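Worksheet for the structure shown next.
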Protein chains: 2
Amino acid sequence: MATKIGIREVAKAAGVSVTTVSHALNDATSSRVNPQTQQHVRAVAKDLGYAPNRLASGLRNQRSQILGLVSDEITTTPFAGAMIRGAQDAAYERGYVLMVVNSGRDPELENREIRTLQQHQVDGIVYARMYHQGVSLPAELGTLPTVLLDAATADRSISSVVPDEVAAAETAVEALIKAGHTRIGMLSNIDNIPATHGRLQGYRNALDRHGLQFNPELVTAGVPDTTAGREIALELLQRPERPTGLFCFSDRVAMGAYQAAAALGLRIPEDVSIVGVDNLELIAAALWPGLTTVALPHYEMGRWAVTRLLDDIEGPATAAVQEMFSCPLIERGSVGPPPD
Amino acid sequence: MATKIGIREVAKAAGVSVTTVSHALNDATSSRVNPQTQQHVRAVAKDLGYAPNRLASGLRNQRSQILGLVSDEITTTPFAGAMIRGAQDAAYERGYVLMVVNSGRDPELENREIRTLQQHQVDGIVYARMYHQGVSLPAELGTLPTVLLDAATADRSISSVVPDEVAAAETAVEALIKAGHTRIGMLSNIDNIPATHGRLQGYRNALDRHGLQFNPELVTAGVPDTTAGREIALELLQRPERPTGLFCFSDRVAMGAYQAAAALGLRIPEDVSIVGVDNLELIAAALWPGLTTVALPHYEMGRWAVTRLLDDIEGPATAAVQEMFSCPLIERGSVGPPPD
DNA sequence: TGACAGTTGCAAAACGTTTTGGATACTGTG
DNA sequence: CACAGTATCCAAAACGTTTTGCAACTGTCA
């Protein structure tokens with residue numbers, strides 16, 4: 001730990017110039033250095049525990065090997081972890097590292113944070129939002145390569161990735177249909193976001209596809225949390241023609257449905273089957289019986305976002321692409337045949 | 001967006017040297033520049049939208065203004081978000097930015113990641129672990145300033161912050177005692193971690209302090225998840241002398257206790273009162289009635305960790321300190337007077 | 001033997017800052 | 001009028017890399 005060892009120390013120790021060291025370590029193919037010297041230099045470098053200073057090389061190369069990840073409230077949700085891990089893993093594999101920054105809902109703060117990232121010369125930015133339609137990007141981003149995570153721009157001008165909400169709902173509802181249910185209710189969301197419309201659409205698609213009639217009487221909506229879920233489920237389950245299957249907007253809502261069923265003395269899945277959306281371990285695996293649900297692929301989306309970003313940065317320019325990820329069904333114990 | 005504007009562009013535009021620009025922008029106090037010129041330079045810089053290149057200044061100053069945050073599986077838990085946000089907020093306020101990296105359980109990967117952070121010349125590292133005792137730091141860290149988040153070293157050689165498990169349990173159990181309970185059971189954890197011992201200790205302390213006898217018959221332990229929680233709760237609630245209050249190792253375990261109570265036809269809190277630990281919104285607020293629990297202050301611990309780290313980095317050397325954070329009681333609806 | 005091509009190595013410039021050690025002009029003093 | 005002292009500014013070096021252009025050497029061929 002005497003002196004910080006840099007490229008000159010290696011050069012001195014190996015008896016060559018810094019130029020040669022640099023060539024030996026980086027340009028594997030370059031014929032500017034004798035294979036023997038190269039090998040020697042590498043050995044010496046390893047011996048000394050040489051680690052290049054990335055500030056210096058970033059400065060010289062105009063490439064920091066840093067990616068910015070800016071996000072809004074999404075970091076307060078249980079999904080944040082998976083998304084960020086996906087992004088990180090992908091970045092790591094390609095020699096990049098992530099600078100994570102979150103702004104809550106404050107656009108002023110967000111702009112300052114973006115400027116900070118730019119001062120650190122990030123090579124690109126992953127812009128993660130709670131999925132709303134028509135996100136508009138802050139002007140600060142300028143020409144910096146960017147991709148949207150869990151959101152999309154109205155004009156489709158930059159690449160983005162979101163879950164396929166429609167297909168997710170179809171999968172969920174079809175799980176009920178395949179179990180034999182024909183009177184399937186939905187506990188929907190009142191928020192005007194893509195997930196609401198997409199999942200409702202998927203619900204209708206699945207009914208249609210299997211020759212079941214859509215019945216507005218079987219759909220209610222509320223705030224997508226457990227308390228509201230319990231209330232609207234209570235109401236729905238007390239309608240004269242009680243549904244035997246319930247498609248819930250989210251796992252949290254489904255938890256409310258469990259509570260409602262318990263309050264009414266209905267057993268799951270014998271009396272009523274339930275499926276959710278999200279696959280929140282904390283809830284889906286904890287409920288009793290376990291909740292059958294479709295998983296939102298946050299890890300995979302995080303991965304995709306930085307992979308795409310790095311392709312943009314390192315490769316030739318290509319057209320923006322809007323990606324949709326499908327959501328697999330996770331079967332636990334909340335779906336069974338309908339009572340007769 | 002013609003040419004990237006650097007300090008020279010500002011200098012040229014302001015009709016002064018780069019030296020003067022640098023002085024004008026940084027050294028507010030230095031008398032090396034005439035107040036008028038300083039003001040002028042600043043105006044010009046703002047006009048041009050000048051933003052210093054932190055790679056360059058980092059290189060020159062041997063200070064990157066970057067902090068590394070390395071973590072293990074903790075990023076897969078629901079707590080990660082809050083911890084990281086706390087750390088980030090504190091960093092941001094002092095002009096630093098966070099590089100987040102997670103290694104799962106792979107020490108090999110972790111070492112490589114730490115080396116990467118060092119290549120980026122991070123000024124210090126927050127090392128976040130699931131709270132185990134006697135964490136040992138990877139040798140790679142060398143002399144880099146480090147603070148431990150949610151863990152502590154055996155030798156107390158570096159600063160660390162953990163929740164005060166004992167006090168947390170005392171708070172929780174006292175909530176039951178104050179409501180009038182005298183037969184209080186505990187659903188404990190079988191893992192050999194500080195949380196297990198600390199919370200058990202706190203449970204005993206609280207009983208002692210209020211003249212209640214500790215009764216081993218009222219304590220069972222299991223894996224700290226909902227399924228196991230249900231089972232051990234079922235067992236405990238069927239003992240001849242049924243406890244009227246239950247102190248649960250965690251909110252997930254408490255959720256299992258809710259299920260057990262429901263299975264036995266016991267109402268909460270009329271027949272049995274329950275308190276947990278963690279304050280996981282997803283569970284505690286969703287249960288019905290809401291779960292009274294003590295909150296683990298992850299956000300605050302994250303904040304403390306980087307604040308302390310920055311003090312170490314920027315200030316004079318001080319002795320390592322082991323910090324314990326207290327855990328406030330969050331009252332919802334699961335505690336009431338015991339049945340008579 | 002001399003010209004030439006190919007190989008291998010190096011010195012030096014550049015990336016965008018910060019800071020040191022002057023230089024210059026101005027102020028007042030003896 | 002010379003002089004020290006002060007205020008203001010600047011040129012140049014440095015941080016640790018990468019890369020360009022050039023030099024030295026080797027061997028080949030006429």
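From a predicted model like this one, the values you see are computed outputs, not experimental measurements.
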Closest nucleotide among dG16(D), dT17(C), dC10(D) to the L59(A) side chain: dG16(D)

Rounded interatomic separation in angstrom, taking CD1 from I5(A) and P from dG16(D): 11 Å

Side-chain N or O of R8(B) closer than 4.0 Å to phosphate OP1/OP2 of dC15(C): yes

Phosphate OP1/OP2 of dG16(C): any Q62(A) side-chain N/O under 4.0 Å: yes

Whole-Å gap separating P (dT18(C)) and NE2 (H23(B)): 9 Å

Protein-nucleotide distance (Q36(B), atom CD; dA7(D), atom P), rounded to Å: 16 Å

Separation of atom CD in Q119(B) from atom C1' in dT18(D), rounded to whole Å: 16 Å

Options dG16(D), dT18(C), dT19(D), nucleotide nearest the side-chain atoms of N61(A): dT19(D)

Check ion pair R308(A)-D312(A) (N to O, under 4.0 angstrom): yes

Closest to side chain of A56(B), choosing from dT17(C), dA12(C), dG9(C): dT17(C)

Under-4.0 Å side-chain N/O to phosphate OP1/OP2 contact, T19(B) with dC9(D): no

Sugar-phosphate, base or nothing in reach of R54(B), heavy atoms under 4.0 Å: nothing

Sugar-phosphate only, base, or nothing, as touched by S57(A) at under 4.0 Å among non-hydrogen atoms: sugar-phosphate

Candidate nucleotides dT19(C), dG9(C), dT18(C), ranked by approach to the side chain of V33(A) - the nearest: dG9(C)

Other residues, nucleotides, ligands: >12 heavy atoms within 6.0 Å of R94(A) CZ: yes

Any donor-acceptor N or O pair under 3.5 Å, side chains S22(B), T19(B): no

Out of dT8(C), dC9(D), dT17(D), whichever nucleotide has its closest atom nearest the side chain of Y50(A): dT17(D)

Nearest-nucleotide 5' precedence on DNA chain D, I7(A) against T37(B): T37(B)

side-chain hydrogen bond (donor to acceptor under 3.5 Å, both in side chains) between Q121(B) and S64(B), intermediate numbers included: CA-CA 6 Å; Q121(B) 313 297 119; S64(B) 64; over 6 Å; no

Closest listed nucleotide, where the reference is the side chain of R60(A) and the choices are dT18(C), dC10(D), dT18(D): dT18(D)

Short side-chain N/O contact from N53(B) to OP1 or OP2 of dT17(C), under 4.0 Å: no

For R303(B), the option from Q88(B), E93(B), H298(B) that meets side-chain hydrogen bond (donor to acceptor under 3.5 Å, both in side chains): E93(B)

Flag for Q119(A)-R54(B): side-chain donor and acceptor within less than 3.5 Å: yes

N34(A) CG to dT26(D) C1', straight-line distance once rounded to whole Å: 12 Å

dC9(D) OP1/OP2 closer than 4.0 Å to side-chain N/O of T20(B): no

d(CZ, R32(B); C1', dT18(C)) in whole Å: 11 Å

Interatomic distance where NZ belongs to K4(B) and C1' belongs to dA14(C) [whole Å]: 18 Å

Separation of atom CD in Q65(B) from atom P in dG16(C), rounded to whole Å: 19 Å

